[in-house]
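All values derive from a computational prediction rather than experimental measurement.
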Amino acid sequence: MASEDDPPIDQATALLELLASDASIARLASAPAPEEIKDLVLRVGTARDEHRRRESAQSALLDIARELASEEDPGTVLEAIVRRARTLLGTDLAYLTLYDPEAGDTFMRVTDGSVSAEFQSLRLSLGDGLGGLVASTHKPYWTADYSADQRFSHTTTIDSGVGDEGIIAICGTPLIVESNFVGVLFAANRSPRPFSRTEVGLLGNLAALAAVAIVQTRALAESQTALAALSEAHETVRQQARGVERAAAAHDRFASVVLEGGGVADVTRALVDLLGGWAVLFDEAGERLSSFGPAPTSRTGGDEVLALPVVDEARHDLGRLVEDDGVHAIGVIAAREQLGTLVVGAPRTLEDADQRTVERAAVVTALVLLFERQADAARQSARNRIVTDLVGARGSHDDRTVSLRHAGLDPRGPLCLLVARGGDATQHRALALTVGTALGEGTLVGSHDDEIIALVPGDDPDALARSLVARVSRGPRITVGGSGPIGDVDDLPAAHEEAARTLRALVALGRAGTGAAATELGFAGLIVGSDPDVRDYVRTVLGPVLDYDDSRGSDLVGTLVAYFAAGASPRHAAHELHVHVNTVAQRLGRVAALLGDDWQHPDRALELQLALRLRRLLSA
């Protein structure tokens, strides 16, 4: 290496060799050489280093631009820009804040080299601090000593965060997107240092790239939002189309049920076919009208579906579909009257279209129930007219016979007539329907005044009356009087009077809520009846014997009178009648054949003696 004693030409040559060997500016400045030559070499070296820094900055900008073009997540590019800013400017840290339009301030988005949590959570109001001034003016600002620089509006919060990070020198430049301020890019140092305009410009170029990244972020977000909205709209349209298809299928299915004359059971079955699972329809009293699918059952014999809380909720929230634990229920409403409750247990969560199907099924069920009620009312009105004509002997014998035959009964009998009462006037119509349902097909049930009258095939009116009381377990308690058997329509008025009288006798005897025939009450019915028919009673008890005497010219009745008057002694009766005792025995045998072997039982014997006494009084 040349020394100070070397000729100037040798020193200049040595200095040029150092410059050519890419020596640093510090080494060039320490080499001996004439001042004018050294000054020229230092300027060339400085220009060389500046050129290299610019090349490095441009290379970094190109690298970031390439990252920006290839990176799917622009947020990652922002982190790279902040990291490159710190490296290119040689600062201790770099950070980027974004503008919050709603709050009217800026917040930390990315930091590199920061160690203070307080600093990383700072928010800068417009105009406060260096960053706030950049944000409000949209111009770059820098300072070698922030705490001592009075150009900026110092706040306790900002100064505390800057102090906690140990920052002294700061340079900030705005991020502008389409003339709109979106944030600030900073480079900062924890020791005093000036920032050259070249560095400020470099930071500005990085800020421009950050702005591009933000534009891409926004565009990507908008695209994603648009795609999501498009996808959601497509899914909505698809679901609506599927819902329309389901609604159309449900409409067609329910319409076909109604048009084909189907009942509520057909509607319930159609609902299960459409949705799967199970469905149960209850009437307003809680009785099952129809049920399809594997609905829950109770081992105790009760109806487990009816006990579900959702059923009670549907009864109180009329007309609205309610759900509980996968079970849906809705009231079946018509004219603000609850006709029943529809309960559905679907195998999956019901979508809106499925819920509309359940609601539609409830409406169709209400319509069908109304149709059935109106049809039942019309049929019942016709039955009422027939019953009134029969018990009132209206029209000719032939007309009444034809009416009875049209009602499905054999006019030749045997028939029994039942008269039932129960509840108040408001329950009369429902009671008639209940009695008709209990007796079933092949009977005629109608209303006459305040009575329910039923004509039932059979020859045991007492058993039929008792059976009817047992079958009618819902609604008001009923009392039933029976008469019969009847073999001709002309006998119906008398049979009606007998059954009605029996019913009144049951009530008078304190046996309301039971059923019996006149023959079972005997003379008790005659005593307590409000309108006793003595001749009918005599005929009922002694009829076979009276008919025998009339046809044969015999006197079995007289033999009975003598027998009972003699204390049931055939010998004394024979003495009284002036005949042989064998003759009395033969006559009593004939009585047994006519009245039955139990005619001497104390109860039957009492009835016979009373009838014989009343017959004598009627003949007096």
Side-chain angles (χ1 to χ4, degrees), residues 23-30 42 45-61 64 78-97 106-124 127-135 137 139-175 183-207 209-210:
S24 65
I25 296 298
R27 187 175 179 185
L28 292 174
S30 63
L42 288 175
T46 301
R48 177 201 63 190
D49 290 348
E50 180 66 22
H51 181 70
R52 287 177 176 176
R53 282 195 296 273
R54 289 183 178 180
E55 283 186 348
S56 177
Q58 292 298 325
S59 177
L61 291 175
I64 294 174
L78 293 180
E79 296 174 357
I81 290 174
V82 171
R83 187 168 57 252
R84 292 292 181 90
R86 178 188 177 194
T87 301
L88 291 176
L89 272 68
T91 55
D92 295 324
L93 69 155
Y95 51 98
L96 184 145
T97 62
T106 59
F107 63 94
M108 288 289 182
R109 172 63 176 82
V110 182
T111 64
D112 187 70
S114 172
V115 295
S116 168
E118 179 184 354
F119 179 77
Q120 294 167 14
S121 62
L122 275 180
R123 297 186 73 97
L124 285 72
D128 291 342
L130 185 147
L133 186 60
V134 174
T137 62
K139 295 180 180 179
Y141 281 90
W142 60 94
T143 178
D145 188 352
Y146 172 75
S147 62
D149 198 328
Q150 298 304 312
R151 290 178 301 164
F152 312 112
S153 175
H154 292 269
T155 67
T156 302
T157 301
I158 297 175
D159 287 355
S160 174
V162 170
D164 191 58
E165 188 66 64
I167 294 175
I168 295 178
I170 307 175
C171 178
T173 187
L175 277 67
V184 180
L185 178 62
F186 297 88
N189 216 45
R190 296 189 177 91
S191 60
R193 65 161 285 182
F195 290 95
S196 68
R197 293 189 176 277
T198 300
E199 291 173 327
V200 173
L202 176 60
L203 193 63
N205 290 334
L206 291 172
L209 290 176

Kindly say whether A144 contributes a backbone atom to a donor-acceptor pair with the side chain of R193 at under 3.5 angstrom? no
Would a distance-only check, ignoring hydrogens and angles, find a side-chain to backbone donor-acceptor pair under 3.5 Å from T106 to G183?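 Pair absent, no side-chain N/O of T106 close to backbone of G183.
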Of the non-hydrogen atoms in A207 and P174, which two are nearest, and what is the gap between them? CB-O, 3.7 Å
What one should report as the nearest heavy-atom pair of F186 and G172 is CD2-CA, 3.9 Å
Could you walk me through whether V82 and T111 pass side chain to side chain contact (heavy atoms under 4.5 Å, CB included), step by step? CA-CA 7 Å; V82 171; T111 64; 5.9 Å; no
I need the [X] [atom1] to [Y] [atom2] distance, nearest 0.5 Å.
X    : Y    : atom1 : atom2 : value
S191 : I168 : OG    : CD1   : 6.5 Å
S160 : L122 : OG    : CG    : 8.0 Å
Y141 : L130 : OH    : CG    : 9.0 Å
Q120 : E165 : CD    : CD    : 7.0 Å
I158 : D128 : CD1   : CG    : 5.0 Å
L202 : T173 : CG    : OG1   : 10.5 Å

Do you know which of F152, F195, Y95 makes side-chain contact (heavy atoms from CB on, under 4.5 Å) with I170? Y95
Do [X] and [Y] come close enough that some side-chain heavy atom pair is under 4.5 Å?
X    : Y    : value
V115 : R190 : yes
W142 : L203 : no
I167 : L93  : yes

Atom CZ of R151 with >12 non-hydrogen neighbours under 6.0 angstrom: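 Yes, the 6.0 Å shell around CZ holds more than 12 heavy atoms from other groups.
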Look at the aromatic rings of Y146 and H154 and report parallel, tilted or perpendicular, splitting at 30° and 60°.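 Y146 and H154: tilted rings.
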My understanding is that only one of D145, T143, D149 makes a side-chain hydrogen bond (donor to acceptor under 3.5 Å, both in side chains) with S147; could you say which? D145
